[in-house]
Amino acid sequence: MCLPLKRRSQSTTDKSSVSDIIIPVATILAILILWQVAHMAGWLPKYMLPSPTDVVKAFINDFPLLMSHAGTTLYEAFAGLGIAIVLALLLSALMDRFDGLYKALNPILVLTQTIPTVAIAPLLVLWMGYETAPKITLVVIAGFFPLVVNLISGYRAADPDAIRMMRAMGAGPWQIYFHVKLPGSMSHFFSGLYIATSYAIVGAVISEWLGGFSGLGVYMTRVKKSFSYDKMFAVIFLISIISLILLKVLKILRNKLVSWERSEQHI
């Protein structure tokens, strides 16, 4: 009796995963077709909004240059995201362990999110120059908060029975953290990582607008001055594609590392 149920559940999952791909792709293609038709009909002037074909041509013509600038942006995003992850793991563990530290730092963390990124970027450029340091710092600031908040939420949602059992066996606070709280918070961690990753790309590009020698943000400021809006849209599409690929990779990693969640959903 169990085998048919398992087969049915597997087929349902396969259909759902296929529809999750087909529906968004079909929606995007429909928007692009309508956009192209509106441009061909003359409803959208070229100087205001280039057609999708113009954007594709600009992307192909400037592909080597775009890849060079994208390499700089990705380096800044990954470096900042890596530092943000390490700092978030350390600080969230300390804030969970020491309640006084949580009460002292939590308002400051919230305060950092009320300051617009565009307002911080010029100061970082002024203090650190036009190299990659201010860009990486801005990515750290943007991605740090969602990681810390989600990790702390994960620690506090840990199984109380498992914690009581660990204490009964003589485990200390850090043993409980490494064996119960940290593994149990991986789902929350990836939720924060999704947000931090999207912030990382956007934060790097925004910081490059205000000064730098290479990067997609620098490229955008240069083509904007020459009114090459087709190249501007080519960069926007490239940033969107990069973000979607990174989020898809994170989803695959989450399914691999937090596999018990998927098994619980199919029970």
Side-chain angles (χ1 to χ4, degrees), residues 20-82 117-118 121 125 129-136 138-139 142-143 193-253:
D20 288 343
I21 297 173
I22 292 176
I23 293 175
V25 170
T27 303
I28 293 172
L29 286 175
I31 293 172
L32 291 175
I33 291 171
L34 288 173
W35 180 0
Q36 182 67 33
V37 170
H39 193 275
M40 292 172 65
W43 299 336
L44 295 174
K46 188 174 182 179
Y47 65 88
M48 290 182 61
L49 187 65
S51 68
T53 53
D54 291 334
V55 175
V56 171
K57 290 177 183 176
F59 182 84
I60 294 173
N61 292 334
D62 272 16
F63 184 77
L65 187 59
L66 282 170
M67 291 301 102
S68 175
H69 285 291
T72 302
T73 301
L74 286 174
Y75 165 73
E76 295 163 354
F78 285 142
L81 190 61
T117 306
V118 180
V125 172
Y130 292 96
E131 298 294 338
T132 58
K135 286 82 170 178
I136 294 173
L138 188 67
V139 173
L193 190 57
Y194 289 149
I195 302 172
T197 301
S198 59
Y199 283 179
I201 302 296
V202 175
V205 172
I206 289 175
S207 62
E208 289 167 352
W209 286 349
L210 302 171
F213 304 105
S214 63
L216 292 176
V218 175
Y219 177 87
M220 290 181 76
T221 56
R222 290 174 182 172
V223 298
K224 182 185 70 173
K225 292 176 181 178
S226 61
F227 300 98
S228 302
Y229 295 121
D230 52 347
K231 296 181 180 180
M232 284 278 291
F233 275 89
V235 178
I236 293 171
F237 284 174
L238 178 59
I239 293 171
S240 300
I241 292 169
I242 291 172
S243 298
L244 289 173
I245 292 173
L246 291 177
L247 293 177
K248 184 62 177 178
V249 170
L250 286 179
K251 186 176 181 180
I252 294 171
L253 284 175

Checklist entry - Do the side chain of Trp35 and the main chain of Pro50 share a donor and acceptor less than 3.5 angstrom apart? => result yes
Next on the checklist: When you measure from the side chain of Lys225 to the backbone of Thr221, do you find a donor-acceptor pair of N or O atoms at a distance under 3.5 Å?
Outcome noted: no
Checklist entry - Taking Ile242 as the fixed residue, which of Ile245, Leu238, Ile239 is the one that meets the side chain to side chain contact (heavy atoms under 4.5 Å, CB included) rule? => result Leu238
Of the non-hydrogen atoms in [X] and [Y], which two are nearest, and what is the gap between them?
X      : Y      : value
Gly129 : Pro134 : O-CG, 3.2 Å
Ser51  : Gln36  : CB-OE1, 3.5 Å
Val139 : Gly203 : CG2-C, 4.3 Å
Lys135 : Ala204 : CG-O, 4.3 Å

Which distance, rounded to the nearest 0.5 Å, do you find between the [atom1] of [X] and the [atom2] of [Y]?
X      : Y      : atom1 : atom2 : result
Leu216 : Leu65  : CG    : CG    : 9.5 Å
Leu244 : Ile201 : CG    : CD1   : 11.0 Å
Ile252 : Leu247 : CD1   : CG    : 11.5 Å

Sub-4.5 Å side-chain heavy-atom contact between [X] and [Y]:
X      : Y      : answer
Val218 : Phe213 : no
Val205 : His69  : no
Leu246 : Phe78  : yes
Val125 : Tyr130 : yes

Next on the checklist: Using side chain to side chain contact (heavy atoms under 4.5 Å, CB included), reason through Ile236 and Met220 one step at a time and then give a plain yes or no.
Outcome noted: CA-CA 9 Å; Ile236 293 171; Met220 290 181 76; 4.2 Å; yes
Item to check | Contacts of type ring-ring contact (aromatic ring centres under 6.0 Å, His included), residue Tyr75, not counting sequence neighbours | outcome: none
Next on the checklist: With side chain to side chain contact (heavy atoms under 4.5 Å, CB included) as the criterion, how do Glu208 and Glu76 come out once you've worked through the C-alpha distance, each side chain's angles and the decisive distance to 0.1 Å?
Outcome noted: CA-CA 10 Å; Glu208 289 167 352; Glu76 295 163 354; 2.5 Å; yes
Checklist outcome for this item: side-chain hydrogen bond (donor to acceptor under 3.5 Å, both in side chains) test vs Tyr219 passes for just one of Asp62, Thr73, Thr72, namely Asp62
Checklist entry - Residues in salt bridge (Lys or Arg N to Asp or Glu O under 4.0 Å) with Asp230, at least two apart? => result none
